[in-house]
Amino acid sequence: MSINPKKRITNDRYNAKCTQINIKPLTQEAEAIKKAASNVGQSLQGYILQACRERMEREGYYQENDSESKINL
């Protein structure tokens, strides 16, 4: 199934703003993370990013500014 050309353009714009980070948990841990994300109705990416943001905020690296986030390093 092909993707709508307008959708392709918006996907490409979004992807241009992103950086890919790969993680390699052990299989058992990966399955536990996937299950936890599913149990709360989140995507795996959303679940992991939320956990990272919450920790960064606790440690003073993350700060909300309107709808945009800033990293303080």
Side-chain angles (χ1 to χ4, degrees):
M1 184 169 122
S2 65
I3 190 166
N4 178 309
K6 288 184 180 183
K7 179 67 173 167
R8 167 63 61 200
I9 290 169
T10 58
N11 285 355
D12 290 345
R13 282 186 194 147
Y14 175 78
N15 288 332
K17 296 186 274 183
C18 296
T19 298
Q20 186 169 351
I21 300 172
N22 297 314
I23 63 171
K24 293 176 81 172
L26 295 173
T27 301
Q28 187 175 7
E29 187 174 21
E31 293 305 316
I33 295 168
K34 289 177 186 179
K35 185 175 181 179
S38 177
N39 286 344
V40 295
Q42 282 187 288
S43 67
L44 182 59
Q45 175 172 306
Y47 187 83
I48 292 170
L49 287 175
Q50 180 181 351
C52 290
R53 288 181 189 119
E54 288 173 2
R55 180 170 180 175
M56 291 172 70
E57 186 174 356
R58 281 194 312 271
E59 294 176 356
Y61 292 106
Y62 183 78
Q63 182 179 60
E64 281 289 326
N65 184 14
D66 298 336
S67 62
E68 198 172 302
S69 60
K70 292 188 175 183
I71 304 298
N72 300 316
L73 297 176

Side chain to side chain contact (heavy atoms under 4.5 Å, CB included) involving L44 - partner list, sequence neighbours excluded: I33, K34, I48

Side chain to side chain contact (heavy atoms under 4.5 Å, CB included) against Q28, all qualifying residues, sequence neighbours excluded: none

Over 12 foreign heavy atoms within 6.0 Å of CG, L26: no

Considering all heavy atoms, the nearest P25-A30 contact: CG-CB, 3.7 Å

Atom pair CD1 (I3) and CG (D12), whose distance is rounded to the nearest 0.5 Å: 8.5 Å

With N4 via side chain to side chain contact (heavy atoms under 4.5 Å, CB included) - residues at least two apart: K6, K7

Straight-line distance of Q50 CD to R53 CZ, nearest 0.5 Å: 8.0 Å

R13 and K17, any side-chain heavy atoms less than 4.5 Å apart: no

